[in-house]
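Right, one structure below, let's go through it.
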There are 2 protein chains.
Amino acid sequence: MIWAGDKMDFVAPVVVGVATLSQTMEDGRTQMVGLLLPSDFIGRPGREIAPYNVNAVSDVTVCCFRKRPFESLLVSTPHVGQRLLEMALDELDAAREWMLLLGRKTAREKIASLIAIIARRDQELKAALPDGQMSVELPLTREAMADYLGLTLETVSRQVSALKKDGVIQLEGKRKVLIPDMDVLLEETGDDTDGGPLI
Amino acid sequence: MIWAGDKMDFVAPVVVGVATLSQTMEDGRTQMVGLLLPSDFIGRPGREIAPYNVNAVSDVTVCCFRKRPFESLLVSTPHVGQRLLEMALDELDAAREWMLLLGRKTAREKIASLIAIIARRDQELKAALPDGQMSVELPLTREAMADYLGLTLETVSRQVSALKKDGVIQLEGKRKVLIPDMDVLLEETGDDTDGGPLI
DNA sequence: CGTTTTCTTGAGATGTGTCAATCCTCGTGG
DNA sequence: CCACGAGGATTGACACATCTCAAGAAAACG
């Protein structure tokens, strides 16, 4: 959708679909740095040049605002600014969680964490299956998962297979994952298990 | 200064000194997720519980505001909110740069990047030495550097030695680094070298 | 000084990356 | 309907970067 370095004279919240933010080094190594879901913003006030690549994962609908009018909207309607601040701080927290994952987790923990993150997000939409099982659709290819997690796609594939072999997950086709016991999966993420949700 | 899980009923910009934000896993692995410099905020509106550990690197002076009054200030003074939004978005960009470093850079590139980041920050304060050289004071121990970079302190030590042996940097004591040629250091970071500053 | 912290260096283990071959799964066109 | 091809996924063998464990050296500090 957008290449790093492009001129951006608009901001645009995602309305439908999923897009990714990523950075690429000269030799091709790429790291995903953000996942844009509906209501997330592409672009930001006070910046002319896009610093990251934006890729559509699925078909995406966005809602473009020219930047200049949007910036004056910010000034005239404080409520909008407050909402944006909330969102930015939430994204910052997500980024920090992600930094722990990238810097300190093992490949297996990374995969388990990713599945848990997606599962948690889906959980908010549709209820879990009756018996504590959960089924999630991975919206990403193995390569995209690798770029998200700071791994190679081969390692992703191996660890997914390993988790399957150990009974932590089951596969239905390539992209669908069945989680027999969420607690077992959470054990594998390396995160605190007791931690209640932070307010 | 603060442990993750603590109740926080205030927000506090740093006035003097340097502090770090970090997360720790049950088995002790820790990852630094933020560096708080003067003007950066500890705590955020709309959150009761501290999600991260805050550690003072040097003596730190902060300026505490009770959260409730501060939140009403946000509502009544839009300008403050806009400034906070700017800062949050800048931090988000920094976090994303950091994610690329954690996920995709080699140990040597990580070290070079860290030194370059600190050098750039210092550069804004005091001018460079005449002949293109630069001298920077590392405010961090090897262990803190390791937690910042997602490495072990042994690897940090080895890579610092390697950069010294290769003439990229020189050491004056343990904590002071002399950079004979900034461009050579930037080569080692793996970043785009041609990139002008993004606006 | 002695003690403690911080840093350096080595040897070996190990997790992840690299390179390469093969296998699915689908969609396309003969 | 089937062969074919392309993109994605899996698996294996091996290389290598980083971690782990351990011993010392150097600096900081009372």
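Every value quoted in this text rests on a predicted model; they were computed, and no experiment measured them. Proteins come first, then strands; the chains are lettered A, B, ... in the order of their sequence lines, and each starts at number 1.
Without hydrogens or angle criteria, T77(A) side chain to H79(A) main chain gives no donor-acceptor distance under 3.5 Å.
Atom CD in E143(A) sits about 11 Å away from atom C1' in dG7(D), given to the nearest Å. Atom P of nucleotide dT10(D) and atom CD1 of I111(A) are separated by 10 Å, given to the nearest angstrom. Atom pair D147(A):CG and dG8(D):P shows a separation of 12 Å (rounding to whole Å applied). In this structure, CG of L102(B) is placed 13 Å from P of dT18(D), rounded to the nearest angstrom. Atom-to-atom, CG of L151(A) to P of dA17(D) comes out at 18 Å; the value is rounded to the nearest Å. Atom CD of E109(B) and atom C1' of dA17(D) are 12 Å apart (whole Å).
For the helix from dC1(C)-dG30(D) to dG30(C)-dC1(D), the terminal axes (five pairs an end, C1' atoms, rotation from four pairs onto the next four) enclose an angle of 30°, given to 10 degrees.
Projected onto DNA chain D by closest heavy-atom contact, R104(A) and K164(A) fall at different nucleotides, the more 5' of which corresponds to K164(A). Summary of the strand contacts: S161(B) and V156(A) both lie near DNA chain C, and taking for each the nucleotide with the nearest heavy atom, the more 5' one is attributed to S161(B).
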Notebook entry, point to check: When you check every protein heavy atom under 4.0 Å of nucleotides 21-30 of chain D, what one-letter string (B, S, -) results, 5' to 3'?
Noted result: B---------
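For D59(A), the side chain to side chain donor-acceptor pair (under 3.5 Å) criterion is met by no residue, not counting sequence neighbours. In this structure, the side chain to side chain contact (heavy atoms under 4.5 Å, CB included) partners of V16(A), at least two apart in sequence or on a different chain, are T61(A). Take R175(A) and apply the side chain to side chain contact (heavy atoms under 4.5 Å, CB included) test, not counting sequence neighbours, and it matches E137(A), T141(A). Partners of D9(B) by side chain to side chain contact (heavy atoms under 4.5 Å, CB included), not counting sequence neighbours, listed by chain and number: R66(B). The side chain to side chain contact (heavy atoms under 4.5 Å, CB included) test applied to N55(B) returns T20(B), S22(B), N53(B), not counting sequence neighbours. Partners of E91(A) by side chain to side chain donor-acceptor pair (under 3.5 Å), not counting sequence neighbours, listed by chain and number: R96(B). The salt bridge (Lys or Arg N to Asp or Glu O under 4.0 Å) check on E86(B) picks up R44(A), with sequence neighbours excluded. In terms of the ring-ring contact (aromatic ring centres under 6.0 Å, His included) criterion, F10(A) has no residue partners (sequence neighbours excluded).
Residues in residues 149-190 of chain B take part in no ring pair (Phe, Tyr, Trp, His ring centres under 6.0 Å) pair, two or more places apart or across chains.
With a cutoff of under 4.0 Å to any heavy atom of chain B, the contacted region of DNA chain C is bounded 5' to 3' by dC7(C) to dA11(C).
Ring geometry for Y148(B) versus W98(B): interplanar angle under 30°, hence parallel rather than tilted (30 to 60°).
Residue R175(B) is in sugar-phosphate contact alone, with no base atom involved, counting any heavy-atom pair closer than 4.0 Å across all strands shown. In this structure, T141(B) reaches the sugar-phosphate backbone alone: every heavy-atom distance under 4.0 Å involves primed, P, OP1 or OP2 atoms, never a base.
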